[in-house]
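Heads up: the structure comes next, in structure tokens.
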Amino acid sequence: MITDSPRFEPFSPDPHAVISESGEWIAPFDLDLDDDTLRGMYRNLVLARLIDERLVRLQRLGKTSFVAPGAGHEGAQVGIAHAIEIGRDWLYPYYRDTGLVAAIGWPLEKLFGQMLATRADPARGRQMPAHPGSRALNVFTVASPIASHVPPAVGTALSQKIAGKGDVTVCTFGDGATSEGDWHAGVNFAGAQGAPIVFACENNRYAISVDLNHQTGSGGIAAKAHAYGMPGYLVDGMDVLACYYVMREVVANAREGLGPALVEMAVYRYGPHSSADDDSRYRPAEEVAAWRLRDPIARLRRFLERRSLWGDEAEEGLRSEIAGELDEAVAAAEAAGPQDVDTLFEDVFAELPAHLERQRERYRLARRAAGEDG
Amino acid sequence: MAVQTFVQTVARTLMQEMRRDDRVVVLGQDVGKRGGVFLATEGLFDAFGPDRVIDTPLSEAAIIGAAIGMAVHGLRPVAEVQFSDYVFPGFDQLVSQAAKLRYRSGGSFHAPMVVRMPAGGGVKGGHHHSQNPETHFVHTPGLQVVYPSTPRDAQGTLRTAMRGEDPVVFLEPKRLYRAVKEEVSDDPDATLPVGKGVLRREGDDVVLISYGASMAETVQAAAALAQQGIEADVIDLRWLLPWDEELVLERVARVGRVVLVSEAPRTANLVSEVAATIAEEILDMLEAPPVRVTGFDTPYPYAQDRAYLPGVNRILYAVQQVLEY
């Protein structure tokens, strides 16, 4: 039971925020995070942004085929990462959550291995970039079909409920996902069973080009929670501490057996939907610029500076330290080398069945006949 | 030895496996207090309670999807879809999530689970209570598909499916649910190997290959042929993915004539794949082209419920064709 912070009101008309745009603490309760934790959050925000920038560069160099930019989502993602017990709780992320998986400590070599589909990818190069997953960290491997991970996330939460150890699941998605049948199926089942799960929507107001008003008549995402018998919270997603505190509260509630919650984090995607998108066709540059002024990294930095926890020197040191880590991780991921062609037949089933064994064998013969293989 | 129907065998095998392994949970619509609309989960709710026998919302996506997340977390879920005709709202969960999970995660995650569903026609159900959707599943790499035809095979294959490490679509021939009683094994560990078919009858004149509900008509056709002095080899595939190529090729090569029977629509029917494999591998051993007797490429009709099925006469007509070729 959290006693050192007040409860957040569900279904509030305005988003919950705890620090102002200028970096002042505006919450009606005392901050209870130590300086190292605050600096750790800041580091994770910057890490997410620099990974994003690096990926865009790698894509332009032709080293990876696809990028789903996350810049603008960092406050939500880092807030979630710090609110769960890593390795205990389960995370069902979606494809824009690179910053989230980095913030919970997924090794960068693996992260870039996945992006480059080399042998450094624990998923053996099976998926396009931006589809992370980690058994060790309980991160369910991302699948492209939108909201298809929501019912499985509920299944994991039900299993956690049956186990009775107080573990919880956090399932993230964008605003577009809330229109899918699978989303309704999952959220409805969680509500009926009181499953220990938090549904966290990173609402950036666009599903590729389709804006929120074309997505739903609900007026927002949090309001939908009413219908499923769970609290819905609207949070300023550009305020990492607000995201953290609201998530901390709903995760604690789920842990205590109080059931699921839906959290809507109002964020913005600065970049296009993906490296294959042209966002200038559907949204004005002024809108993007206005949201950039509300940047979650700059906001937390102002907050830290007011408390004399940060400055130019620290910033410079952090950025060069992370840049070095990224250089190293990319180099290691590339050095791991490409996947063997033959591995494409593995991991379909626990054991290779006879028909796949024969397909593999005949493919080898065909390659040999064509002189493609030694 | 217990003598029981197909559907009783399903319920009793589930009961035995739930006793043996407390990770096994059953979920679906009406599987709890009602014991399933066909009584395939009868007695489980009273024995194991609502944590292990879960009445779900009316949502196949929720049922199959939740089973995936449970399996990933260490449970052994057996999901029921009330009719295979209603699997399609949960089809995305099977195709996009369950089937590809091991592959897309490089083996980091997998979903050992069974999705049971009554299938097939001959019950006056029209096209939304009679279909045979197995082609969709065998065409989805990562799913095992089984469609047994007898109580004893249901017992062995269900147990194998529940103890395996892969997602299994378990199709149950609902028109045979109570058609026959049979002795089943008392051995609580009686299983049947993945991907192995069985020879129901031996003969030298023609090989009949089928599976699931159509086995009933196929066996009847073989008996009718025997009256005419024609001896048929009869293969029950049981497992549709993987299917028993070794048994099929060995028997067909020996006899040289083959008729394949399935009540699913003809185009891209599993038996078309079996026939293509026969042609590709042992064409020179054949005395006649393989002939398929299948459902039609129409939605399943209501008034012509029985006419749609590959009945004994259609099978006999096909046998005549391959014998006279």
Side-chain angles (χ1 to χ4, degrees), chain A residues 90 92 121-127 131 133-136 138-145 147-164 167 169 180-193 195 343-344 346-351 353-356 358, chain B residues 23 25 27 50-52 54-75 77 79 89-90 92-93 95-113 141-144 164-167 194-195 241-246 277:
Chain A
W90 278 63
Y92 276 70
D121 174 13
R124 311 183 76 190
R126 294 275 167 59
Q127 295 210 89
H131 289 63
S134 167
R135 176 75 252 199
N138 296 339
V139 178
F140 187 74
T141 304
V142 170
S144 308
S148 69
H149 64 312
V150 176
V154 175
T156 291
L158 289 173
S159 181
Q160 289 168 323
K161 185 184 170 207
I162 292 167
D167 302 347
T169 293
E180 285 284 4
D182 279 358
W183 189 86
H184 164 74
V187 178
N188 181 59
F189 195 9
Q193 286 281 340
T343 62
L344 82 86
E346 294 164 17
D347 302 319
V348 181
F349 298 103
E351 286 167 31
H355 68 287
L356 281 181
R358 194 168 47 253
Chain B
R23 298 172 302 168
V25 296
L27 70 161
D51 267 1
R52 293 186 64 196
I54 302 167
D55 271 321
T56 64
L58 202 164
S59 167
E60 292 75 16
I63 295 165
I64 296 170
I68 295 164
M70 290 173 164
V72 160
H73 195 250
L75 294 179
D92 188 35
Q93 289 299 321
V95 174
S96 300
Q97 289 287 349
K100 295 174 178 63
L101 181 58
R102 184 190 292 279
Y103 197 73
R104 75 170 200 262
S105 69
S108 300
F109 295 100
H110 67 286
M113 59 189 271
L143 300 178
Q144 291 183 346
E165 296 299 326
D166 293 302
V194 172
L241 202 290
W243 58 274
D244 197 342
E245 257 184 65
E246 198 183 343
T277 305

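Below, each value reflects all heavy atoms present in this structure, side chains not excepted, and no hydrogens, waters or symmetry copies. Proteins get letters first, then strands, A, B, ... in listed order; numbering begins at 1 in each.
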- Could you look at A/Leu344 and say if it's the side chain, the backbone, both or neither that has a heavy atom under 4.5 Å from chain B? both

- Item | pair A/His149-A/Asp182: side-chain heavy atoms closer than 4.5 Å | no

- Note on the structure: Honestly, the part of A/Val150 sitting under 4.5 Å from a heavy atom of chain B is neither

- Given a strict heavy-atom distance threshold of 4.5 Å, which part of A/His131 is in contact with chain B: side chain, backbone, both, or neither? neither

- With respect to chain B, which residue among A/Leu356, A/Val142, A/Asp167 yields the maximal number of heavy-atom pairs within a distance under 4.5 Å? A/Val142

- Message: Do A/Thr169 and B/His73 make a side-chain contact, defined as non-hydrogen atoms from C-beta onward lying under 4.5 Å apart?
- Response: no

- Query: Can you find a heavy atom in the side chain of B/Leu27 that is under 4.5 Å from one in the side chain of B/Pro77?
  - Reply: yes

- Item | Part of B/Leu241 lying under 4.5 Å from any heavy atom of chain A | side chain

- Item | Donor-acceptor contact below 3.5 Å, side chain B/Arg104 vs main chain A/Gln127 | no

- Closest-packed option against chain B by number of heavy-atom pairs under 4.5 Å, given A/Asp121, A/Ile162, A/Val348: A/Val348

- Query: Looking at B/Ala66, B/Ala67, B/Pro141, B/Ala111, which has the largest count of heavy-atom pairs under 4.5 Å with chain A?
  - Reply: B/Ala66

- Query: Any donor and acceptor pair, going by atom type alone, linking the side chain of B/Gln93 with main-chain N or O of A/Ser148 inside 3.5 Å?
  - Reply: yes

- Could you tell me which portion of A/Gln193 (side chain, backbone, both or neither) has an atom closer than 4.5 angstrom to a non-hydrogen atom of chain B? side chain

- Task: Check each atom of B/Ser59 against the heavy atoms of chain A and say whether the ones under 4.5 Å are side chain, backbone, both or neither.
- Result: side chain

- Item | Side chain, backbone, both or neither of B/Gln144 within contact of chain A (heavy atoms, under 4.5 Å) | both

- Just give me the residue among B/Leu58, B/Val25, B/Leu143, B/Val72 that pairs up with chain A most often, heavy atom to heavy atom, under 4.5 Å. B/Val72

- Message: I want to check something: taking the side chain as every heavy atom from C-beta on, are B/Met70 and B/Arg23 in contact at a cut-off of under 4.5 Å?
- Response: no

- Task: Taking the side chain as every heavy atom from C-beta outward, state whether B/Ile64 and B/Met113 have any atom pair closer than 4.5 Å.
- Result: yes

- Message: Can you tell me which portion of B/Leu101 sits under 4.5 Å from chain A's heavy atoms? Options are side chain, backbone, both or neither.
- Response: side chain

- Under 4.5 Å from a heavy atom of chain B, the part of A/Val139 involved: backbone

- Task: Could you tell me which portion of A/Tyr92 (side chain, backbone, both or neither) has an atom closer than 4.5 angstrom to a non-hydrogen atom of chain B?
- Result: side chain

- chain A heavy atoms under 4.5 Å from B/Asp244: which part of the residue, side chain, backbone, both or neither? neither

- Does the side chain of A/Phe189 reach to within under 4.5 Å of the side chain of A/Pro151, using non-hydrogen atoms? no

- Query: Got a donor-acceptor contact below 3.5 angstrom from the A/Glu180 side chain to the A/Pro145 backbone?
  - Reply: no

- Query: Any side-chain donor-acceptor pair under 3.5 Å between A/His355 and B/Glu245?
  - Reply: no

